[in-house]
Amino acid sequence: MMTSVLVTGGAGFIGSHACKALSRAGYRPIAYDSLETGHRDAVLWGPLVVGDIADRALLGAAIATHRPVAIMHFAAYAYVGESVREPARYYRNNVGGTLALLETAASHGVEHIVFSSSCATYGVPDAMPILETTPQRPINPYGRTKLIGEVMLRDFCSSGAMRHVALRYFNAAGADPEGALAERHDPETHLIPRALMAAAGAIPALEIFGGDYPTPDGTCIRDYIHVSDLADAHVAALDYLLAGGSSTALNIGTGTGHSVRDILSGIEALTGRAVPSILHPRRAGDPPMLVADPRRAREILGFSPRHSDLGTILATAARSFGLRRAA
Ligand code: UDP
């Protein structure tokens, strides 16, 4: 029988790509998703259980039925700006939901968890690039909920009955290179899809949130990692745990930063279209620069990105907006 892995948020952007990577690696992904933001038609590699992570009875039944060897826990709210405006929702889902998940997993004897953490847990670090030992001082509620998730996991794993890997993602971007999946958020707030929407004429202009940051061109710098690379990092983390690896936290990024303006010029070069833009004030909760030191994931998991050069990220993302490479 194939080994099952329960994937909370398996109908979402990163979770659905992880299901594909699990399937390719010989696992059977069981997507568990409320479909509040996920898409039923993104569940292509195994069954879907429609439910909330806070629903302990349903979650327990799914674990009892499918007997997963591990849980990959993606299900969460993930908008920095929204978390500033509506912190209660973020604490309820990301913290309360994760607690329900961990208690249910523990009571059913699940021994391995791969957790979606975030570079947002670092806040505004004193030095770049960011190491796993860089102090975690999040500056927005979203980052705080992810940090609390990591802390809960450490406490749940301290008895040794459970082990986990917390993956601190930098900026997930791009889409399945084979075109099976796309990034579909509603509303879409992320830079690359919004810039592509502006290039395609679907929105009048891309709003650049802040041109007065202490960076070379004044716009924020992020480390963009292709979602299929992120998915592969999860499979590598799972294999590490199944081989007996101890609990740890790892950055998943490339080590290279791109500014907002770099992204816009990259899209212009790729598509041959102008990206209309307007300068806006800064968005609350945005650190000026987040770039990973990715070496530890390479050492511990043997993971290195394969699709995360900016050209591949933008080309795979552009395809889902019907934009093509310029001739
Ligand atoms: N950004 C922007 N305009 C947009 C969306 C994002 O200037 O319409 C900037 C944002 O301020 C941040 C970067 O692009 O510096 C990446 O933002 P995104 O929301 O994609 O990811 P986050 O870093 O918040 O996870």
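Whatever order the structure lists ligands and atoms in, that order sets their numbers, starting from 1. Start at 1 with the first residue, then count along the sequence.
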Does CZ belonging to R295 count more than 12 external heavy atoms closer than 6.0 Å?
-> no

For ligand 1, protein residues within the heavy-atom limit of under 4.0 Å are N171, T189, H190, L191, R194, L206, E207, I208, F209, C220, R222, Y224, V260, R283, D286

Run through H39, H190, H185 and flag the one making a ring-ring contact (aromatic ring centres under 6.0 Å, His included) with F13.
-> H185

Residues pairing under ring pair (Phe, Tyr, Trp, His ring centres under 6.0 Å) where one sits in residues 226-275, two or more places apart or in two chains, turn out to be F74-H234, Y169-H234, H226-H307

Can you pull the salt bridge (Lys or Arg N to Asp or Glu O under 4.0 Å) pairs that have at least one residue in residues 61-83, sequence neighbours excluded?
-> E82-R89

Taking side-chain contact (heavy atoms from CB on, under 4.5 Å) as the test, write out the residues that go with A100, two or more places apart.
-> R56

Sidechain N-carboxylate O distance under 4.0 Å for D212, R282 | yes

